[in-house]
Asker: 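Sending over a structure as structure tokens; questions will come in a sec.
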Amino acid sequence: MKIDISRVQEHDKKLMESHNQSFYFLANTLEKQGFDVENIIKKIADFQVAIPSWALGAGGTRFGRFSYHGEPGNLEQKIADVGMLHALTQSAGAISLHIPWDVPEDPEKIKALTKSHGLTFDAMNSNTFQDQPNQEHSYKFGSLCSVNTKAREQAIQHNIDVIRIGEKLGSKSLTVWLADGANFPGQNNFQTVLKNTQDSLKQIYAQLPEDWKLFIEYKPYEPYFYSTVIQDWGTSFMLANECGPKAYTLVDLGHHLPNTNIEQIVATLMMKGKLGGFHFNDSKYGDDDLTVGSIKPYSLFLIFNELVYGMENNPQNPYPAWMIDASHNTKDPLEDLMQSLEAILMAYTKALLVDQKALKSAQQENDVVECQEILHQAYNTDVRLLLERARILNGGALSPIKAFRNLEIRKQLVLERGKHSVASGL
Ligand code: LRH
Ligand code: MN
């Protein structure tokens, strides 16, 4: 299903006058403060976030799953859903596939379909945290870390297979997240499983095409509840360095113990040129995979403040990969993703409004109060009009969620796909 964006633009025409009035007032105010508004809008428009193929249906927890009607039942429908998100938001320009949940039967056809929606393929994701039907060696006791050499070799080969699929689609990176760990003290020899993981990652790294990147995602716990082999940024950073210059650390916002200073981790990784990318989401307690910016929007702003500083001052760090990694239990998955995209772009835009020069001199003066005043000046600026402008200039909707509802897209998806189509994934 493709959106008839002209109907959206027809609808938005009525709202343009009030948008223009408010926008020009804000633009004037910011120009007077020395900001190049046109450049900021260009940066917003260039900021493209990859949508996970596994978050287009209703997620679930171990206590149950409440289906969402009209879910995408195959890869083609998932690509169409991301295409719709991109048509409305103009900021969801890529899809990130998870193998084997999204194996393209006909890669050329899938590549052409994705292109027809104006999308590209972001990182490929391997999966050695579930056993597939008729899999020879189980990952119950680990995959790349396993003391069972056969299981380890099988997991290494799976990652290489995922790279080969990605090459056919035009992806340029592989994300490895390992559930590998232990539930009880004594279950694993920490050094043995870490060494096995390091050796395995090196074998995968050796198969990486010249222009590819390897993202190593860390997580403190779940599904294991005593130890996880790649538990924190330091372990991922160490493994990435062991692999080589094409390996980086991937920061999933939900993969931190409560009150971890994530913006400091981001600054450290950028200074070391090893920040590969993000899985954006939000959380109150654990890896809750909630809508971005729904719980801790100020923390997200502080993370983007470090990213903007790093992108200006750390040429040694490549342009990070931006992805959402969320799971939807109570919201329409597409509306949830549109809210996440809005929150990400708002945090980024507010960070672009931090007067970095003034902040630097206030820090030099140890003027602690002024430092916070400068951050809050930016954070308390309502930037939604700048996001609307960037969307409108690129043919998107003034308000994506309103357009999604006005066009009754979910109703049409249910008519097209039936009430009980289920999306593969978590
Ligand atoms: C692990 C994770 C990882 C994905 C999975 C779907 O918690 O964040 O990035 O593979 O979610
Ligand atoms: Mn993740």
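We count ligands from 1, going down the list as the structure has it; atoms in each ligand are counted the same way.
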Asker: For ligand 1, which atoms sit closer than 4.0 Å to a heavy atom of W54?
Answerer: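 Numbered from 1, ligand 1 contributes 6 (C).
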Asker: Take F280 and F304 through the test ring pair (Phe, Tyr, Trp, His ring centres under 6.0 Å) and record every step on the way to the result.
Answerer: CA-CA 11 Å; F280 292 114; F304 269 96; 5.6 Å; yes
Asker: At the Mn ion (ligand 2), what is the angle formed between atom ND1 of H279 and atom OD2 of D325, rounded to the nearest 10°?
Answerer: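 Rounding to the nearest 10 degrees gives 100°.
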Asker: Where does the angle between the aromatic ring planes of F129 and H98 fall among parallel (under 30°), tilted (30 to 60°) and perpendicular (over 60°)?
Answerer: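 Because their plane-to-plane angle is over 60°, the rings of F129 and H98 count as perpendicular.
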Asker: Which ligand 1 atoms are under 4.0 Å away from a heavy-atom of E217?
Answerer: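 Listed by number with element: 2 (C), 3 (C), 8 (O), 9 (O).
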Asker: Using the ring of each side chain (for Trp, its six-membered ring), is F23 parallel, tilted or perpendicular to H19, with breaks at 30° and 60°?
Answerer: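 The arrangement is parallel - the two ring planes meet at less than 30°.
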Asker: Could you give me the CA-CA distance, side-chain angles and deciding distance for L413 and L334, then say whether side-chain contact (heavy atoms from CB on, under 4.5 Å) is met?
Answerer: CA-CA 11 Å; L413 290 173; L334 296 177; 4.0 Å; yes
Asker: Please work out whether any backbone atom (N, CA, C, O) or any side-chain heavy atom from C-beta onward of E222 is under 4.0 Å from ligand 1, and answer side chain, backbone, both or neither.
Answerer: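 Near ligand 1, E222 shows nothing, with every heavy atom at 4.0 Å or more.
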Asker: Can you check the angle at the Mn ion (ligand 2) formed by OE2 of E217 and OD2 of D252? Round it to the nearest 10°.
Answerer: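 Centred on the Mn ion (ligand 2), the OE2/OD2 angle is 90° (to 10°).
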Asker: Atoms of ligand 1 less than 4.0 Å from D252 heavy atoms?
Answerer: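 Near D252, the atoms of ligand 1 are 8 (O).
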Asker: Would S146 and N196 count as having a side-chain donor-acceptor pair, cut-off 3.5 Å?
Answerer: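 Their side chains do not contain a donor-acceptor pair, so the 3.5 Å distance test is not met.
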Asker: Examine ligand 1 and decide if any of its atoms is less than 4.0 Å from a heavy atom belonging to D325.
Answerer: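 In this structure, D325 qualifies as a contact of ligand 1 - some heavy atom is under 4.0 Å.
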Asker: How about OH on Y379, more than 12 heavy atoms from neighbouring residues, nucleotides or ligands closer than 6.0 Å, or not?
Answerer: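 Result for OH/Y379: enclosed.
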Asker: Test of understanding: given a 4.0 Å heavy-atom threshold, classify the contact between D287 and ligand 1 as side chain, backbone, both, or neither.
Answerer: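 Side chain only; the backbone of D287 stays clear of ligand 1.
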Asker: For the 3.5 Å polar cut-off, considering only N or O atoms, please tell me whether W101 and ligand 1 meet it.
Answerer: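 No; the residue has no nitrogen or oxygen that sits under 3.5 Å from a nitrogen or oxygen of the ligand.
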Asker: Show which atoms of ligand 1 fall inside a sub-4.0 Å distance from at least one heavy-atom site of H279.
Answerer: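 Those of ligand 1 that fall under 4.0 Å from H279 are 9 (O).
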Asker: Below 4.0 angstrom, N of the basic side chain to O of the carboxylate: do K109 and E76 qualify?
Answerer: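 Result for this pair is yes, salt bridge flagged.
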